[in-house]
Peer 1: 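Before anything else, here's the structure in question.
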Amino acid sequence: MKLTDLLERLDYTCIQGKLDKEIKAIVNDSRKAVPDSLFFCIQGAVTDGHEYAAEVAGKGAAAIVVQRPVAVPKEVTVIQVEDSRYAMALIAAAWYGYPAEKMKVIGITGTKGKTTTAYMVKSILEASGFKTGLIGTIEVIAGEEHIPANNTTPESVLIQEYFSRMERAGCDCVVMEVSSQGLKLHRTAGIPFEIGIFTNLGVDHIGPAEHESFEDYVYCKSLLFRQCRIGIVNKDDPHLEQILQGHTCQVETFGFSEEANLRAEDTRLVSRPGYLGIAYKVTGLLDLDVEIDIPGRFSVYNSLTAIAVCRHFGVPREAIRNSLKKLKVKGRVEMVKVSDDFTLMIDYAHNAMSLESLLTTLREYQPKRLVCLFGCGGNRSRDRRFEMAHVAGRLADFTIITSDNPRYEEPEAILDDIEKGMRETEGRYIKIVDRKEAIAYAIHHGQPGDVIVLAGKGHEDYQEIRGVKYHMDERDLIREILEEDRRKAGV
């Protein structure tokens, strides 16, 4: 592809070399540079791509995109831009032929609810005949392809590659999770979002590696609403005004508020052994009765958002109702049937805020006992261990402390920290280091009317120990435990 074609939507200065060149690859990893490639010098938190300019030139790179001058042979074209990441996003879109412009792209941002909402939107649209791709925390889906995800919002070059695969697979729509980090680092620059969604905002992702302040976090989230045609936002969130500051889109609201355009009314909990759900009536822009097999008030928000989106695609009410009733999202309040007496579920809650939200929600169903199994990752903030212990000790009737990605720490040391936090509460608990043994204990000691939640792993199918990820899926562990029980019983 001609370099001039790749640069057609970009403001730049050519500080050396010719623009009339054929480019055979675009890369932002110096190890992948090949002859006639274009290399992006990205200034990251750990390394600076400008330091590798001479190396990639030696490998035959034809052009280099920079933010500051670099010393390379004169035959190498050097393109200077204000922001290399922004340039990379626009060039990547050109490289793949602007695939996003041939589909309706729906972007979802917010602290919680992105994953579940994305699957709800995809499920409803597909039930109505819209072939829909997905980019999210759990996976990327392009037609029949399912690709495990490493980031909620991948780098721009990868996003555009996924869009291209989806276009080739015949997708009409794409629903994607858009993280604040993805917006901050211009991974989504140049994407013409048809719909942007704001779920909610909580204090999260604040720190030197992510956002320097809560204000920066809010600002980055707000960028989506300067890049979409329609903004569908949570009327009940106290930060909504900040999120919409500077917006350029048409705005619709959802929520419980009487002022919301799409509202949830007459909410009622649905509970029976092995099953928890919620039902409500949709009013405002649409009249509809729905029931969801995912418990809690947050499920109302997630489903209401999905309904608000799919209304713009002319989806029939029955398709919305049926899709929401059947939907299950891996690792998001995912119920696993093990007994007719009690309810067991798997959830990704892996910090104090998400665990508190989950346990508070489950408390509303008035279980005989609320049992919480969780651990904390190694080589992460020790404060998280005490915080999660305080939440579990306060909200659960019984807690099982176990291992969760110990990484380079000793599992017992992590559990000791959690135990210290538990002792500062009145909560009852037991320590079982091995996660399979801990799950077996939870199942074998389940009582009629209990709700048992395995928290922290969610969709993850591995346990990370000393730099190695070993396969470990809680669904497999549950099956193994039940099979072992049947063999012991001679069944």
Side-chain angles (χ1 to χ4, degrees), residues 137-138 148 150 204 207 209 330-332 334 336 338 344-356 358-359 369-446 452-485:
T137 302
I138 298 175
N150 292 319
D204 199 8
K330 187 177 183 182
R332 299 306 194 272
E334 177 190 354
V336 181
V338 298
L344 177 74
M345 64 182 64
I346 296 171
D347 192 82
Y348 189 50
H350 61 289
N351 57 36
M353 182 176 72
S354 56
L355 187 63
E356 176 147 14
L358 174 65
L359 297 182
R369 292 188 312 159
L370 179 54
V371 178
C372 176
L373 178 150
F374 81 97
C376 291
N379 303 104
R380 297 293 186 269
S381 170
R382 290 181 68 203
D383 289 344
R384 176 177 287 190
R385 302 168 192 179
F386 306 128
E387 291 164 359
M388 290 186 72
H390 292 160
V391 169
R394 177 165 47 87
L395 293 174
D397 296 299
F398 188 73
T399 301
I400 303 167
I401 307 168
T402 188
S403 192
D404 184 343
N405 292 336
R407 298 186 177 89
Y408 289 93
E409 286 193 65
E410 290 300 324
E412 291 83 356
I414 299 172
L415 267 63
D416 287 345
D417 280 343
I418 299 172
E419 183 176 28
K420 183 178 177 183
M422 289 294 303
R423 284 176 175 166
E424 294 171 356
T425 74
E426 296 180 0
R428 295 173 56 242
Y429 69 92
I430 188 172
K431 282 197 306 182
I432 303 175
V433 176
D434 183 85
R435 198 166 183 106
K436 181 179 177 181
E437 288 180 24
I439 294 171
Y441 181 93
I443 292 172
H444 295 152
H445 290 81
I452 303 170
V453 58
L454 313 182
K457 297 301 290 179
H459 62 276
E460 290 182 354
D461 59 1
Y462 62 84
Q463 186 81 301
E464 187 177 344
I465 304 170
R466 301 207 171 276
V468 179
K469 289 184 177 180
Y470 297 91
H471 179 78
M472 192 203 75
D473 187 317
E474 289 187 319
R475 296 147 204 81
D476 295 339
L477 297 183
I478 292 166
R479 274 193 296 272
E480 289 171 13
I481 291 163
L482 297 179
E483 286 170 6
E484 289 163 9
D485 290 347

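No hydrogens, no waters, no symmetry mates; every other heavy atom, side chains included, goes into these values.
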Peer 1: Considering all heavy atoms of both residues, which atom of Ala438 and which atom of Ile432 are nearest to each other, and what is their separation?
Peer 2: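 Minimum heavy-atom contact is N-CG2, 3.6 Å.
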Peer 1: Is any NZ, NE, NH1 or NH2 atom of the basic residue among Asp473 and Lys330 found under 4.0 Å from an Asp or Glu carboxylate oxygen of the other?
Peer 2: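 Yes.
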Peer 1: Minimum heavy-atom separation for Tyr441 and Phe398, please, with both atom names.
Peer 2: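 Scanning both residues completely, I find the closest heavy atoms to be CE2-CE2, 3.8 Å.
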Peer 1: In chain order, what residues pass the side chain to side chain contact (heavy atoms under 4.5 Å, CB included) check against Pro411, with sequence neighbours excluded?
Peer 2: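 Side chain to side chain contact (heavy atoms under 4.5 Å, CB included) list for Pro411, sorted by chain: Ser403, Pro406, Val433.
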Peer 1: Looking at Arg394 and Glu424, does any basic side-chain N land under 4.0 Å from a carboxylate oxygen?
Peer 2: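 Glu424 and Arg394: not salt-bridged.
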Peer 1: Any side-chain heavy atom of Glu474 sitting closer than 4.5 Å to one from Arg435?
Peer 2: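 They are in contact (side-chain heavy atoms under 4.5 Å apart), so the answer is yes.
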Peer 1: Are there over 12 heavy-atom neighbours, none belonging to Arg382, within less than 6.0 Å of that residue's CZ?
Peer 2: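 No.
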Peer 1: Is there a side-chain contact between Lys431 and Ile418 in this structure, where contact means two heavy atoms from C-beta onward sitting under 4.5 Å apart?
Peer 2: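 In short, these two side chains do not touch, never coming nearer than 4.5 Å.
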Peer 1: Do Met353 and Glu387 have side chains that approach each other closer than 4.5 Å (heavy atoms only, starting at C-beta)?
Peer 2: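 No, their side chains stay 4.5 Å or more apart.
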Peer 1: May I ask you to test the Cys372-Leu359 pair for a side-chain heavy-atom distance under 4.5 Å?
Peer 2: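 Answer yes - side chains close enough.
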Peer 1: Look up atom NE2 in His390 and atom CG in Leu395, then write down how far apart they are to the nearest 0.5 Å.
Peer 2: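 One finds 12.5 Å between NE2 of His390 and CG of Leu395.
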Peer 1: Can you find a side-chain donor-acceptor pair between Lys457 and Asn405 that sits under 3.5 Å?
Peer 2: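 A donor-acceptor contact under 3.5 Å links the two side chains.
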Peer 1: Is any side-chain heavy atom of Phe374 closer than 4.5 Å to a side-chain heavy atom of Thr399?
Peer 2: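 Phe374 reaches Thr399 side chain to side chain.
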Peer 1: Whether the side chain of Thr402 engages the backbone of Gly375 through a donor-acceptor N/O pair (distance < 3.5 Å, no angle test) should be reported.
Peer 2: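 No, the answer is negative, given that no donor and acceptor are paired below the 3.5 Å cut-off.
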Peer 1: Between CG of Leu482 and CD1 of Ile443, what distance do you get to the nearest 0.5 Å?
Peer 2: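 If we round to the nearest 0.5 Å, Leu482:CG and Ile443:CD1 are 5.0 Å apart.
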Peer 1: Can a salt bridge be assigned to the pair Glu464 and Arg380 using a cut-off of 4.0 Å between side-chain N and carboxylate O?
Peer 2: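 Arg380 and Glu464: not salt-bridged.
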Peer 1: Run the salt-bridge test on Lys420 and Asp417 with the 4.0 Å N-O cut-off and return the result as yes or no.
Peer 2: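 No.
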Peer 1: Can you name the residues that form a side-chain hydrogen bond (donor to acceptor under 3.5 Å, both in side chains) with Asn379, not counting sequence neighbours?
Peer 2: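 With sequence neighbours excluded, Asn379 shows a side-chain hydrogen bond (donor to acceptor under 3.5 Å, both in side chains) to no residue whatsoever.
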Peer 1: About how many Å separate CG of Asn351 and CE of Met388, when rounded to the nearest 0.5 Å?
Peer 2: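 Spacing of CE (Met388) from CG (Asn351) equals 6.5 Å.
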Peer 1: Just jot down the ring-ring contact (aromatic ring centres under 6.0 Å, His included) partners of His350, sequence neighbours excluded, or say none.
Peer 2: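 Counting only residues at least two positions away or on another chain, His350 forms a ring-ring contact (aromatic ring centres under 6.0 Å, His included) with Tyr348.
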Peer 1: Drop me the distance from Gln463's CD to His471's NE2, to the nearest 0.5 angstrom.
Peer 2: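 So the gap between those two atoms works out to 11.5 Å.
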Peer 1: With a 4.5 Å heavy-atom cut-off, do Leu454 and Ile478 have their side chains touching?
Peer 2: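 In short, these two side chains touch, coming nearer than 4.5 Å.
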Peer 1: Against Ile430, only a single residue in Leu373, Ile400, Ile401 fulfils side-chain contact (heavy atoms from CB on, under 4.5 Å); can you say which?
Peer 2: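 Of the listed options, the one satisfying the test is Ile400.
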Peer 1: Under a 4.5 Å cut-off applied to non-hydrogen side-chain atoms, are Arg466 and Tyr408 in contact?
Peer 2: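 Side chain of Arg466 against side chain of Tyr408, heavy atoms only: contact under 4.5 Å found.
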Peer 1: Is it true that Glu419 and Arg423 make a salt bridge, defined as a side-chain N closer than 4.0 Å to a carboxylate O?
Peer 2: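 Salt bridge between Glu419 and Arg423, a charged N being under 4.0 Å from a carboxylate O: yes.
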Peer 1: Atom CG in Asp434, atom CG in Leu477: separation rounded to 0.5 Å?
Peer 2: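 The CG atom of Asp434 sits 8.5 Å away from the CG atom of Leu477.
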Peer 1: Got Ile346 and Arg475 here, is their nearest side-chain heavy-atom distance under 4.5 Å?
Peer 2: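 Yes, side chains in contact.
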